[in-house]
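Comments concern the structure below.
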Amino acid sequence: MRPPQGCRRRGVVLGTVTLCLAAGWALQTPGGVSLVVPQPNINATVAQNILLSVEYSCRGVATVEWKHVSSWGTTKIVEWRSGNDVNISTVYKDRVTTFENGSIQLLNVGMRDAGYYFVTVTEEYGTNTYGTIVVNISEIIYEDLHFVAVLFAFLAGVSAILICFMWLCNKSLHLFQKTTTPKLTGISLRVQSSHKVLKSQF
Ligand SMILES: *[C@@H]1O[C@H](CO)[C@@H](O)[C@H](O)[C@H]1NC(C)=O
Ligand SMILES: *[C@@H]1O[C@H](CO)[C@@H](O)[C@H](O)[C@H]1NC(C)=O
Ligand SMILES: *[C@@H]1O[C@H](CO)[C@@H](O)[C@H](O)[C@H]1NC(C)=O
């Protein structure tokens, strides 16, 4: 009666191991792709470069897709499969850099780039995960106003110097005219007298 008992125990152990493996597989598969968005809110100013930072983890090959949603509508920005070519939409050509961890960098942002950025990471078996980043963009910052003030001061200085220079030129021209006028009248007098001489000769 002993051998069958040992067999049964071995069978129970094998069954438990199989169950454990199956449970582990079942638990891991739905969470096969995960996404971390460390900064879901970004404040930027016009002409800045912004990093839409995310990090995904996935056991297989994943497809990353970024979309921009604002009051002007939804635009697809970029889509790529890890290790494959990056497909950037024409509107964003030369403005987008992609990173291995799923992040993208957007160069030289404008007011129209404000809004919601949706990232979707899709695993090869179809499971996917989403992330959202809100981007606020403001138009004028303190440095801009400062720059404008400096420019105005510079222009005012330049025009003041020009006005002084013109005044000086005018003044010296007057002086020059005063000193040269007597000589000029002398010459014209001489010319006139020679005319008279010529006239009297004929
Ligand atoms: C962005 O600005 C808003 C207010 O306009 C503020 O509540 C938020 O904390 C700011 N976010 C960051 C990341 O600085
Ligand atoms: C993703 O990669 C970029 C570039 O290497 C890095 O700057 C960024 O911090 C990364 N994001 C996360 C969430 O680790
Ligand atoms: C790139 O995206 C466009 C539009 O989304 C699509 O028509 C085109 O086939 C894609 N190209 C590649 C190589 O995936």
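We use all heavy atoms of the structure for the numbers below, so side chains are in, but hydrogens, waters and symmetry mates are not.
Minimum heavy-atom separation, S70 to A114: CB-O, 3.6 Å. Taking every heavy atom of both residues into account, S57 and S34 meet most closely at OG-OG, 2.7 Å.
The hydrophobic cluster containing V91 also contains V135, counting ILVMFWY residues as joined when their side-chain heavy atoms lie under 4.5 angstrom apart, directly or transitively. Follow the hydrophobic side-chain contacts under 4.5 Å out from I42 and you reach V46 in the same cluster. At a threshold of 4.5 Å between side-chain heavy atoms, the hydrophobic network of Ile, Leu, Val, Met, Phe, Trp and Tyr places W80 and I88 in one connected group. Under the 4.5 Å side-chain contact rule for hydrophobic residues, M111 and L106 share a cluster.
The distance from atom CD1 of I137 to atom CD1 of I50, rounded to the nearest 0.5 Å, is 5.5 Å.
Not a single side-chain hydrogen bond (donor to acceptor under 3.5 Å, both in side chains) links N84 to another residue, sequence neighbours left out. By the side-chain contact (heavy atoms from CB on, under 4.5 Å) test, T120 pairs with E65, T122, N128, Y130, sequence neighbours left out. Every side-chain contact (heavy atoms from CB on, under 4.5 Å) that N49 has, sequence neighbours left out, goes to Q105, L107. Scored by the side-chain contact (heavy atoms from CB on, under 4.5 Å) test, N41 finds N43, N136 as partners (sequence neighbours excluded). Here T98 pairs with nothing under the side-chain hydrogen bond (donor to acceptor under 3.5 Å, both in side chains) rule; sequence neighbours left out.
Side chain of S89 to main chain of K76: a donor-acceptor pair is present (N/O by atom type, distance under 3.5 Å, no hydrogens or angles). In this structure, T127 contributes its side chain and E123 its backbone to no donor-acceptor pair below 3.5 Å.
Atom NZ of K171 has 12 or fewer neighbouring heavy atoms from other residues, nucleotides or ligands inside a 6.0 Å radius.
For residues 82-117, the pairs satisfying ring pair (Phe, Tyr, Trp, His ring centres under 6.0 Å) are H68-Y117, with sequence neighbours left out. Screening residues 95-106 for salt bridge (charged side-chain N to carboxylate O under 4.0 Å, His left out) gives R95-D113 as the qualifying pairs, with residues at least two apart or on separate chains.
At least one side-chain heavy atom of W66 sits under 4.5 Å from a side-chain heavy atom of V54. Residues S82 and Y56 meet the side-chain proximity criterion, which asks for heavy atoms closer than 4.5 Å. Put simply, the side chain of P40 does not reach to within 4.5 Å of the side chain of V134, judged on heavy atoms. Side-chain atoms of I104 and V78, non-hydrogen and from C-beta on, do get closer than 4.5 Å to each other. Using a 4.5 Å heavy-atom threshold, the side chains of V119 and L35 count as touching.
A donor and an acceptor atom, one from each side chain of T45 and S138, are nowhere located under 3.5 Å apart.
Connectivity analysis of hydrophobic side chains (ILVMFWY, heavy atoms under 4.5 Å, direct or indirect) links M166 to nothing; its cluster partners are none. Taking Ile, Leu, Val, Met, Phe, Trp and Tyr as members and joining any whose side-chain heavy atoms lie under 4.5 Å apart, directly or through other members, the hydrophobic cluster of W167 also contains L168.
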